[in-house]
Peer 1: 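Here it is, the structure, as structure tokens.
Order of the sequence lines sets the chain letters (A, B, ...), proteins ahead of strands, with each chain counted from 1.
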There are 2 protein chains.
Amino acid sequence: MPNMKEIAKQAGVGIGTVSRVINNSGYVKKETREKVEKVIRVNNYVPNEIARSMTSQKNNIVAFILPNSTHLFFGELLYHVEEELFKSGYKVMICNSSQKIEKEMIYLDMLKNNRVDAVILLTNNDIEKYLDKTLPILSFDRRFTDIPFVASDNYQGGILAAQKLIKAGCKNFMFIGDDAQGDNTPVYTEVTKRRKGFIEYLNKNNFTNIVNIEYPLGDYFIGCDEVYEMIKDYPNIDGIFTVSDAVAVAAIQALQKMGKRVPEDVKVIGFDGGRSFLNLGMRLTSISQSPELIAKAIGEIITSFYAKKTIQNQIIPVTFCDGDTA
Amino acid sequence: MPNMKEIAKQAGVGIGTVSRVINNSGYVKKETREKVEKVIRVNNYVPNEIARSMTSQKNNIVAFILPNSTHLFFGELLYHVEEELFKSGYKVMICNSSQKIEKEMIYLDMLKNNRVDAVILLTNNDIEKYLDKTLPILSFDRRFTDIPFVASDNYQGGILAAQKLIKAGCKNFMFIGDDAQGDNTPVYTEVTKRRKGFIEYLNKNNFTNIVNIEYPLGDYFIGCDEVYEMIKDYPNIDGIFTVSDAVAVAAIQALQKMGKRVPEDVKVIGFDGGRSFLNLGMRLTSISQSPELIAKAIGEIITSFYAKKTIQNQIIPVTFCDGDTA
DNA sequence: TTGTAAGCGTTATCAC
DNA sequence: GTGATAACGCTTACAA
């Protein structure tokens, strides 16, 4: 691999001139430029980005820390975040934390040692005390003091679900989720607003006694049997909203085990968007998050970190997504 | 952020000594070491990895070029690849190519400009002529001359599917897939062995006239209507094997549209593993690829690139995964 | 316009 | 054992 010095030598110019040609910075006489460009072409020369980072102390890499890329919504989000940041010249380094705080911290440390320029943090862990607030960190769906965040309009999502279930004639409501991390960790998550919006809207419409199922924060996958144990003692429930599509699916299976028909006996609404291309049954009714819009907001915040613009938290609209289960 | 010079100054030692302490290289007197370590701790000093890369010309980042992270199997593979490489100290940069060769080439170029140390390439594009064979590139499920590759035992997968369908009493077989890229691009893909293993095994067992549906290489998602158009003129088929779970699901929906019952009238087997946690219907019968084992093989090859070990292609076993559709 | 030289923050080689 | 010092390959003043 030739370096800049070699190119300069071959072109019979100084190393600074080569740099100027490459970066289109400063004045370069037309003929000189052409001469240098030719040598670059002939040698198939590409500037060494490590050396470039050496002076700029930036490398245009953003780390995305998320629980996993297996969960459909995370895979979608990752896809769009990469697409969006790519437009701004950023590359994405992925960290599957599996919710382990130790792994999250290793990736967070990469900010300090200049491996990455910024971090997108999607976690339920109580990591606040380890966050250096002076570093370019952005959080999704969680609130940390002095860290900008992006979140879906979870509260509105809860309202939309409530409205749909009321309209469908439900009378006895239930919410199922592991969003209430307040009981398990001190992390303030935006996700719990799904529950809040749902319940508060129902209350406002004179539906009280909402059955509120909270289970310990899990790994985003939950089995039918687990949900069955949670709901089996509530046979008269006829409208369920869950914290995610994954839970909704498990709930529907649990209901079937209880001998209930969905949506005839019980209506179920999930959260995320019901987009599964491997589904062989009913289409799940759901509240849809937009990974595109979320990614766009994330991209804006990331670029503003280095543009010294003021950074605004962003709440992304959600939409009702019709299906067969409610 | 203090640098090594600053630490050296504060500790009253030379910069070389600090380096030796950090890297545990060369001799350092115990007291000197302790003194330096204390200053490091006090200053919260972390070595700048960009500068380290400057001398080593390595940065322990591997780029994973794949069509998308949305497709369940890709999300799983990505997850395990990151996990596996993490153990060896590598970080993974993700590139969602969306099958666009231009984007693939941009990430491939990062090898030349030292942004990444190695590339994992998962593509259907005819990119062979752009590959610099002297660079550490590894391919999954595709063969390029002089590029090591990892693939599932697709041929055996085809056999397993054939065996199951024969045992289930099927007589009239069909394969559906966009794997036959030979017609569209000159890329030699290992995936087409799914078809080959299936058909050859059937032939060997005196089943001929296998209906062979090939459609142009797509984006991994296919709709029920598209598949319906492909299969509607074959009403007497009773055993179908598809190139992927996604196609199997679309096929089952198409069959239902044709008034066929699955598995009573027609049995269907997909490929990937039938692992969907958002499925509200039958469990798909499938041939399971192991993302863990694939990731492990990929990890071995990546590490051997820099260990100067000889590099072996690896074929990863597949297993039959029982379900409700065959 | 262009060449030279001083960084950028490490690692590694050498004298001492 | 340890401290200078020369790379590593670029960018960016600064002088010419």
Peer 1: Cut-off 3.5 Å, side chains only: do A:D219 and A:Q99 have a donor facing an acceptor?
Peer 2: no
Peer 1: Please name the pair of heavy atoms, one in A:N96 and one in A:S69, separated by the smallest distance, quoted to 0.1 Å.
Peer 2: ND2-N, 3.0 Å
Peer 1: Dump the pairs, protein N or O against N or O of nucleotides 5-7 of chain C, anything under 3.5 Å, distances to one decimal.
Peer 2:
none

Peer 1: So, is the end of the B:K91 side chain (NZ or CZ) under 6.0 Å from the ring centre of A:Y107 and within 45° of the ring's axis?
Peer 2: yes
Peer 1: Looking at every strand, decide which applies to A:Q57 at a 4.0 Å heavy-atom threshold: base, sugar-phosphate, or nothing.
Peer 2: sugar-phosphate
Peer 1: Does the salt bridge (Lys or Arg N to Asp or Glu O under 4.0 Å) test come out yes or no for A:E82 and B:K103, once each step is laid out?
Peer 2: CA-CA 12 Å; A:E82 191 268 347; B:K103 198 165 173 192; 2.8 Å; yes
Peer 1: At a heavy-atom distance below 4.0 Å, which nucleotide of DNA chain D is the first touched by chain A, and which is the last?
Peer 2: D:dG9 to D:dA13
Peer 1: Does the side chain of A:R115 pick up a donor-acceptor pair with the side chain of B:S53 at under 3.5 Å?
Peer 2: yes
Peer 1: Go through residues 20-33 of chain A and report each residue with a non-hydrogen atom lying under 4.0 Å from DNA chain C, sorted by number.
Peer 2: A:R20, A:Y27, A:V28, A:K29, A:T32
Peer 1: Can you find a side-chain donor-acceptor pair between B:Y130 and B:N125 that sits under 3.5 Å?
Peer 2: no
Peer 1: Taking side chain to side chain donor-acceptor pair (under 3.5 Å) as the test, write out the residues that go with B:D132, two or more places apart.
Peer 2: B:T134
Peer 1: Could you check which residues of residues 106-118 of chain B get a heavy atom under 4.0 Å from DNA chain C? Sort them by number, please.
Peer 2: none
Peer 1: Do A:T70 and B:E76 have side-chain N/O donor and acceptor atoms under 3.5 Å apart?
Peer 2: no
Peer 1: Give, ordered by number, those residues of residues 41-48 of chain A having at least one heavy-atom distance below 4.0 Å to an atom of DNA chain C; if nothing qualifies, reply none.
Peer 2: none
